[in-house]
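Since the structure comes first, as structure tokens, the remarks are kept for the end.
In the text below, chain A, chain B and the rest are named by the order of the sequence lines, each starting its count at 1.
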Protein chains: 2
Amino acid sequence: MSSLAGSPTLTRMARWEPNALERLRAAALELFEERGYDRTTVGDIAARADLTERTFFRYFTDKREVLFSGSEELEKLIVSGVASAPKTMAPLEVVVEALAASSPVFEARRTHVRKRQALIAAHAELRERELIKSTRLTAALLASLRERCVPQATAALLAQTGTTLFHNAFERWIEDSKERDLAHHLQEALIALRLLTAETGTGKRRGKTSSKGGAKLSDRRRRDS
Amino acid sequence: MSSLAGSPTLTRMARWEPNALERLRAAALELFEERGYDRTTVGDIAARADLTERTFFRYFTDKREVLFSGSEELEKLIVSGVASAPKTMAPLEVVVEALAASSPVFEARRTHVRKRQALIAAHAELRERELIKSTRLTAALLASLRERCVPQATAALLAQTGTTLFHNAFERWIEDSKERDLAHHLQEALIALRLLTAETGTGKRRGKTSSKGGAKLSDRRRRDS
DNA sequence: CCTCTGGATGTCAGAGCCTGACATGACTGC
DNA sequence: GCAGTCATGTCAGGCTCTGACATCCAGAGG
């Protein structure tokens with residue numbers, strides 16, 4: 001009941017059915033949808049892909065990983081966006097543009113991404129994995145910013161902020177009934193962030209902030225350009 | 001070889017040795033330091049605490065969790081900081097102050113926190129868990145900001161940004177040879193973030209940002225007070 | 001045509017994580 | 001006393017993941 005995956009026997013059947021990795025991915029997705037994540041064993045997935053549990057673990061380090069193995073490509077895309085940005089562009093905007101470059105990818109798989117995200121949202125293990133993936137993205141961003149000679153401390157904060165913006169935008173994208181693209185939501189997130197971090201000036205500044213001179217600069221008014 | 005944990009037999013010995021949870025925590029810490037995380041089985045930990053593996057899992061959902069069970073208290077501390085801040089304070093500063101309130105806790109356990117952090121850094125599973133804990137913090141921050149009537153979108157971004165600042169400051173704190181406290185590093189992170197998000201003004205603004213009017217506000221110059 | 005080699009897969013055994021079901025034993029309240 | 005309760009123990013078992021070794025087929029070289 002599962003030998004109909006490749007060509008029957010003719011055409012010089014390859015040593016093994018090809019695309020084992022893809023078959024495993026597909027099988028996993030199907031089964032997770034059919035029975036849910038934790039009522040699906042790795043053995044089940046492998047069986048549907050006409051493979052063995054052991055083979056599954058040769059392709060994926062984890063049961064979870066089968067859902068996340070595509071994230072490296074996304075990472076590369078974004079990093080290359082940073083690398084190819086004009087030197088004159090302000091760092092934060094470089095990052096936002098680079099993130100926005102991934103927008104078409106998401107647009108192309110809208111429903112698939114949403115199904116996957118629903119799965120992730122429902123399982124703590126998967127959320128954990130997703131989080132560490134986005135940490136990897138942060139690290140990659142950091143590295144590519146360092147290549148542009150952004151100083152370490154700045155780059156670190158910037159990379160983190162970039163990831164924050166990305167997630168924020170992604171969440172809005174997922175829920176957006178108007179189906180505006182990810183790039184749009186990224187811009188909105190950036191605008192919102194700028195509003196937030198702008199010093200207010202209205203509220204009275206309370207003094208307690210100054211734990212050991214940390215507030216030296218906290219009363220600066222904006223004219224830093 | 002392990003019955004010297006509590007009072008020998010006298011003093012109306014309690015039904016069981018008390019503080020099972022604490023004993024498990026301590027045993028785990030010791031063993032992780034002695035043999036490393038993955039050469040320590042849950043059975044080992046339980047045995048050193050004079051308990052059973054099964055009992056371990058009644059206290060902790062996970063093997064990992066034994067290292068993270070304190071994080072809820074931290075969360076409460078920070079959330080209460082947000083709740084008790086004066087109404088007039090700008091939201092971002094509320095968050096930063098609330099985070100800074102945890103500074104003494106870290107100061108009090110400087111070496112312990114560093115050992116633990118070294119463990120976490122060395123094991124992907126633990127990093128994952130740490131990440132999801134900080135997501136919980138973000139969620140808690142979000143909720144407490146909502147209580148202050150900060151609008152949802154703003155609060156979400158703000159909570160994320162707050163967590164970013166916290167992590168950034170924490171990293172600097174861990175590595176700080178001058179041993180300045182966490183509050184100090186938080187202030188520095190905030191200053192750095194403000195510099196980053198301030199629009200540069202010098203660089204030429206490229207036009208492509210405007211995917212569907214998203215850049216409406218992007219040329220505002222600072223005078224929002 | 002044969003053999004050798006290598007890579008992808010299978011088989012097997014086992015450790016470790018985690019859970020459900022049920023048993024025990026001591027303290028508590030009546 | 002006697003029942004109830006609560007922390008713990010005992011047992012069985014499933015699932016995840018790994019190491020060691022076997023197999024099987026294709027292509028290279030003789």
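- A donor-acceptor pair under 3.5 Å is absent between the side-chain atoms of A:S102 and the main chain of A:A98, judged by distance alone.
- Judged by the 6.0 Å and 45° rule, A:K63 forms a cation-pi pair with A:Y37.
- For the pair A:E22 CD and C:dA8 C1', the computed distance is 17 Å after rounding to whole Å.
- Counting non-hydrogen atoms of neighbouring residues, nucleotides and ligands closer than 6.0 angstrom, the CZ atom of B:R109 reaches no more than 12 such neighbours.
- C:dA15 atom P lies 14 Å from atom CG of B:D44, rounded to whole Å.
- In this structure, the CZ atom of A:R64 is 17 Å from the P atom of D:dC15, given to the nearest Å.
- Scored by the ring-ring contact (aromatic ring centres under 6.0 Å, His included) test, B:F68 finds no partners at all (sequence neighbours excluded).
- Contact annotation: A:Y59 does not reach the phosphate of C:dA8 (side-chain N/O to OP1 or OP2, under 4.0 Å).
- Atoms CZ (A:F60) and P (D:dT18) sit 14 Å apart, rounded to a whole Å.
- A:R136 contributes no side-chain N or O that, together with a main-chain N or O of A:E75, makes up a donor-acceptor pair within less than 3.5 Å.
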Could you run down the sub-3.5 Å N/O contacts of the protein with nucleotides 11-14 of chain C?
none

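- Remark: P of D:dC15 and CG of A:L31 are 14 Å apart, rounded to the nearest angstrom.
- Following rounding to the nearest Å, A:D38 (CG) and C:dG20 (P) show an atom-to-atom distance of 12 Å.
- At whole-Å resolution of the value, CZ in A:F57 and C1' in C:dT9 are 16 Å apart.
- A 4.5 Å side-chain heavy-atom check between A:R172 and A:N168 finds at least one atom pair inside the cut-off.
- For A:F56 and C:dG10, the CZ to P distance is 14 Å, given to the nearest whole Å.
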